[in-house]
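Values in this document were obtained by computation on a predicted structure and should not be read as measured data. Per chain, numbering begins at 1; letters A, B, ... match sequence-line order.
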Protein chains: 2
Amino acid sequence: MRAYDKYAYEPFAVTVDLAVLTLRAGALHVLLVERGQEPYAGRWALPGGFVQPDESAETAARRELSEETGLSDVSGLHLEQLRTYSEPDRDPRMRVVSVAFTALLPDPPEPHGGGDAAQARWVPYDTARPLAFDHDRILADAHERVGAKLEYTGLATAFCPSEFTLGELQQVYETVWGTPLDRPNFRRKVLATPGFVEPVPGAARLTGGRGKPAALYRAGGAAALHPPLLRPSREGRPA
Amino acid sequence: MRAYDKYAYEPFAVTVDLAVLTLRAGALHVLLVERGQEPYAGRWALPGGFVQPDESAETAARRELSEETGLSDVSGLHLEQLRTYSEPDRDPRMRVVSVAFTALLPDPPEPHGGGDAAQARWVPYDTARPLAFDHDRILADAHERVGAKLEYTGLATAFCPSEFTLGELQQVYETVWGTPLDRPNFRRKVLATPGFVEPVPGAARLTGGRGKPAALYRAGGAAALHPPLLRPSREGRPA
DNA sequence: CCCCTTTATAGTCAGTACGACTATTAAGGG
DNA sequence: CCCTTAATAGTCGTACTGACTATAAAGGGG
């Protein structure tokens, strides 16, 4: 029961931490900031900050996202609560409970070093560690969550600009999952899943570089994919 | 960035709230406590309480679970973080951030009214609302999460005793999803999914009531189901 | 004691999804 | 003007799925 009267309660500091992911040059990148002070001075960490008295954690996360990326409009970006980290010793200075979020960006702007960020950079996911505090774990949890959600939601489109080719969409899956996918089969499945993507009607063709121009698509309205787009099973072909 | 120095920080109270779900007589039930004081005096609420200074949220949740259910050993029970609720006005008295958990129980013991719970009861899920605070939302989120996880994890066995029949397992799915399932097909899929369940070797038969006795199974070790056991699609057969 | 109901388990069958391929089209580059 | 690159189209056999039918093994009521 809610025993407000029975237990004394200790005040906690509540922060948000952001795992901001994007794709640059076909590789998964994460937005990191360099810490200026102890503890972990000089180490890289996930961006974050304190939740203000009048904010929800979601509001604080979106504010931090805007501050750290330098983007004026972050309202359309995908921002999702990951989980809360509350180990008593996770911050050596004081008792800090952190609500972690995952954010997905389509086209990565150079993080303006302005604002309050001492130094903010896009770092390839593979070379990000070790991070300060328990951020290694948060980042790993974020990656795992995103990979899982690609299977049964249309989340992949959050990595893409508003209009994209199926090849770009496939690259999202391949990069996050770390697995090459068969192009014709990927195409078939995506187009067979209602509400995942919809073709851009006009004479829509992207002339990026070499090769046949690809048709452009927009994100469909569907939140859940039916059927899901399962990643190649680690099991399934055992002995 | 972690601007501990830049912003003043407000102390928050941090609580855990528990959505404890079980199956009784083929219906989904949730453990509720009756509030004795304002606000929401006389209303039912999810059990919960303050996180103590030396506890993580997970530790606090398991402690509360033990206290509220009266079970001496809650170490084997499924307990999982749901998400954190932090709207500034969710508690009219003060700023409270609550980390919500979902717990799944196999056989429901009568909640001992002892401990500190004024009154604790198993309430059918459908008649649980309205609850105090934002607990309606928490409960709905818990239900949705559990329903989704039944698809791609072996979570359903957490609702069952250590040995169970496939009929009982099917009842878990039907009750949580609110959909009848075809028995032969359910059986085929469960047995075809490696690691989901394993037969109890001995002369294992349950003579519960009428009908042919069923073979007994135990939970297999698999965390993820491959292939997943998808619920009958709301879409898929549209117009 | 014999049906009749109940529940478990076995099996069938057609439609579909999927993985692995091959083929064709439409660009750009030397 | 080929050659490479990338997009798109199509094929084929297997696995899976949903909808069913059939059989087996219990208990209960006349």
Under the ring pair (Phe, Tyr, Trp, His ring centres under 6.0 Å) test, which residues partner B:Tyr217, sequence neighbours left out? none
Contacts of type ring pair (Phe, Tyr, Trp, His ring centres under 6.0 Å), residue A:His143, not counting sequence neighbours: A:Tyr125
Whole Å only: how far is the [atom1] atom of [X] from the [atom2] atom of [N]?
X        : N      : atom1 : atom2 : answer
A:Leu169 : D:dA6  : CG    : C1'   : 16 Å
B:Phe186 : C:dA10 : CZ    : P     : 15 Å
B:Lys212 : C:dA8  : NZ    : P     : 10 Å
B:Arg187 : D:dC16 : CZ    : P     : 17 Å

Are any protein N/O atoms closer than 3.5 Å to N/O atoms in nucleotides 15-18 of chain C? If there are, list each pair with its distance.
| from | atom 1 | to | atom 2 | distance (Å) |
| --- | --- | --- | --- | --- |
| C:dC18 | OP1 | A:Lys189 | NZ | 2.5 |

By nearest atom, which of the nucleotides D:dT8, C:dA10, C:dT7 is closest to the A:Ala215 side chain? D:dT8
May I ask you to list the residues of residues 172-183 of chain B, by number, that have any heavy atom positioned under 4.0 Å from an atom of DNA chain C? B:Arg183
Checking [X] now: which residues fulfil salt bridge (charged side-chain N to carboxylate O under 4.0 Å, His left out) with it, not counting sequence neighbours?
X        : value
A:Glu80  : A:Arg145, A:Lys149
A:Arg187 : none
B:Arg137 : B:Asp141
A:Arg62  : none

Residue pairs involving residues 151-171 of chain A (criterion ring-ring contact (aromatic ring centres under 6.0 Å, His included); sequence neighbours excluded): A:Tyr152-B:Tyr152
Checking A:Arg188 against A:Phe186: charged group under 6.0 Å from the ring centre and within 45 degrees of the axis? no
Within the structure, does a side-chain N or O atom of B:Arg210 lie under 4.0 Å from either OP1 or OP2 of D:dA26? no
For A:Gly211 and A:Leu166, take the nucleotide of DNA chain D holding the closest heavy atom to each; which residue's nucleotide lies nearer the 5' end? A:Gly211
